[in-house]
A.B. asks: 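Encoded as structure tokens, here's the structure I'll be asking about.
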Amino acid sequence: MTFKHNFKKVLSATAFAAALVVAPAANVSAATNDASSTQQSATATSQDQQASQDQAASQSSAANQSSSTSTSSATSTSTVKKTTKKAKKSKKKTSKKKAVRKVAKKTTKKKATKKAKKTSKKSTKKTTKAATAAVTASAGQSQATDQQDDAAKKVAEAAAKKAAAAKKAAAKKKAAAKKKAAAKKAAAKKRAAAKKKAAAKKRAAAKKKAAAKKKAAKKKAAAKKKAAKKSAEKAAKYWIAMRESGGYYTARNGSCYGRYQLLISYLGGDLSKKNQERTADRYVYGRYGSWVNAKRFWLAHNWY
């Protein structure tokens with residue numbers, strides 16, 4: 001497309017140069033014709049003036065002759081001869097002058113023709129040179145225009161490439177920032193979850209500790225209660241033993257025997273201390289539920 005455009009430009013410039021060459025040549029030939037016609041008219045005018053001068057001279061000489069003839073009837077032949085010689089001389093001079101004028105006319109014409117040719121050649125050279133310069137300038141301008149177009153295209157491509165790269169970098173940066181924000185959010189969420197878990201764990205530990213403490217306290221209270229009960233049971237048992245036998249394992253009252261004055265049939269023939277303690281516990285817990293209750297019954301009925 002660019003080559004065709006340049007070729008058209010060069011063709012148009014060549015046509016313009018050819019027109020310039022032809023036009024000055026035509027102008028030069030026209031100028032030469034005008035110069036030659038002007039010169040011819042000037043030569044004709046000078047010839048007419050010369051002819052009128054010659055006629056006036058001849059008329060003056062004829063008048064002189066007639067006057068000399070009228071004034072002096074006895075004019076000599078020598079005077080006529082002199083006049084004839086003068087006329088001949090003037091005629092020769094006139095013919096010489098004409099010949100000189102013709103030569104001058106030819107010389108002037110030749111000079112004008114040479115000058116016109118030189119002028120034509122110069123103008124042709126100038127126009128050719130101008131046309132060549134115009135074609136060269138047109139080609140150079142076209143080339144410069146193409147170079148400018150190429151440069152502008154390259155600049156536009158570079159700008160587009162730079163804009164695309166900037167856009168890509170911005171998108172990449174945005175994606176990285178988004179990813180970083182997401183990672184930060186995930187890390188914060190993870191920290192919050194860990195914190196929550198730690199708090200839950202701490203609460204569970206505290207709850208467990210409180211439960212353990214409560215259990216320990218309960219156990220301790222139970223143990224204390226048990227110890228107190230045991231102590232009360234022991235005291236009530238001792239109190240009954242002291243009331244029934246004074247605390248002796250061999251004490252006997254009819255069919256009752258031992259520290260707790262149990263029926264001999266209850267002991268099953270075993271009167272040992274160990275069997276007395278075991279049998280007394282079995283009897284009291286089976287009938288009253290505890291030594292404390294047995295003591296309470298004994299206090300109400302004076303027996304158990």
Side-chain angles (χ1 to χ4, degrees), residues 165-304:
K167 193 175 180 181
K168 193 176 180 181
K172 196 173 181 181
K173 194 175 181 182
K174 193 176 180 181
K178 198 173 180 181
K179 193 176 180 181
K180 193 176 179 181
K184 197 174 180 181
K185 194 176 179 180
K189 198 174 179 181
K190 194 175 180 180
R191 280 198 302 272
K195 197 174 180 181
K196 194 176 179 181
K197 192 176 179 181
K201 195 174 181 181
K202 194 176 180 181
R203 281 196 303 271
K207 197 174 180 181
K208 193 176 180 181
K209 192 177 180 182
K213 195 175 181 182
K214 192 176 180 181
K215 191 177 180 181
K218 197 174 181 181
K219 194 176 180 181
K220 192 177 179 181
K224 194 175 180 182
K225 191 176 180 181
K226 191 177 180 181
K229 190 178 179 181
K230 193 176 180 181
S231 178
E233 287 289 299
K234 192 177 180 182
K237 189 178 182 180
Y238 178 78
W239 185 88
I240 289 172
M242 292 304 290
R243 292 291 180 277
E244 290 293 325
S245 63
Y248 293 101
Y249 285 98
T250 57
R252 189 167 187 171
N253 185 15
S255 59
C256 297
Y257 183 84
R259 183 179 174 92
Y260 301 99
Q261 291 297 297
L262 296 173
L263 292 172
I264 294 174
S265 58
Y266 288 169
L267 294 173
D270 187 5
L271 302 177
S272 63
K273 292 179 181 179
K274 192 174 182 180
N275 189 40
Q276 286 183 34
E277 291 289 335
R278 187 169 54 244
T279 303
D281 286 334
R282 187 168 57 245
Y283 169 76
V284 168
Y285 284 117
R287 186 170 180 172
Y288 301 105
S290 66
W291 283 103
V292 174
N293 291 335
K295 180 183 176 182
R296 196 177 290 120
F297 186 86
W298 198 98
L299 285 170
H301 300 88
N302 206 20
W303 62 276
Y304 75 102

A.B. asks: Which pairs, with at least one residue in residues 235-252 and sequence neighbours excluded, count as a side chain to side chain donor-acceptor pair (under 3.5 Å)?
C.D. replies: K237-E277, K237-D281, E244-W298, Y249-E277
A.B. asks: Rounded to the nearest 0.5 Å, what's the gap from CD on Q261 to CH2 on W303? Could you check?
C.D. replies: 14.5 Å
A.B. asks: How are the rings of Y304 and Y288 set relative to one another: parallel (under 30°), tilted (30 to 60°) or perpendicular (over 60°)?
C.D. replies: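 Tilted: the ring planes of Y304 and Y288 meet at 30° to 60°.
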A.B. asks: Give me the atom names and distance for the closest heavy-atom approach of E233 to S290.
C.D. replies: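 Heavy-atom minimum between the residues: OE2-CB, 3.0 Å.
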A.B. asks: Check whether any side-chain heavy atom of R282 sits under 4.5 Å from a side-chain heavy atom of T279, and report yes or no.
C.D. replies: yes
A.B. asks: Taking only distance into account, with no hydrogens and no angle test, what donor-acceptor pairs under 3.5 Å do side-chain atoms of residues 262-273 form with protein atoms, sequence neighbours excluded?
C.D. replies:
{"from": "D270", "atom 1": "OD1", "to": "S272", "atom 2": "N", "distance (Å)": "3.2"}
{"from": "D270", "atom 1": "OD1", "to": "S272", "atom 2": "OG", "distance (Å)": "3.0"}
{"from": "D270", "atom 1": "OD2", "to": "S272", "atom 2": "OG", "distance (Å)": "3.4"}
{"from": "S272", "atom 1": "OG", "to": "N275", "atom 2": "N", "distance (Å)": "3.3"}

A.B. asks: Could you give the distance from CD (Q276) to CZ (R278), rounded to the nearest 0.5 Å?
C.D. replies: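 One finds 11.0 Å between CD of Q276 and CZ of R278.
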A.B. asks: Show me the pairs that pass side chain to side chain donor-acceptor pair (under 3.5 Å) and involve residues 169-181, at least two apart or across chains.
C.D. replies: none
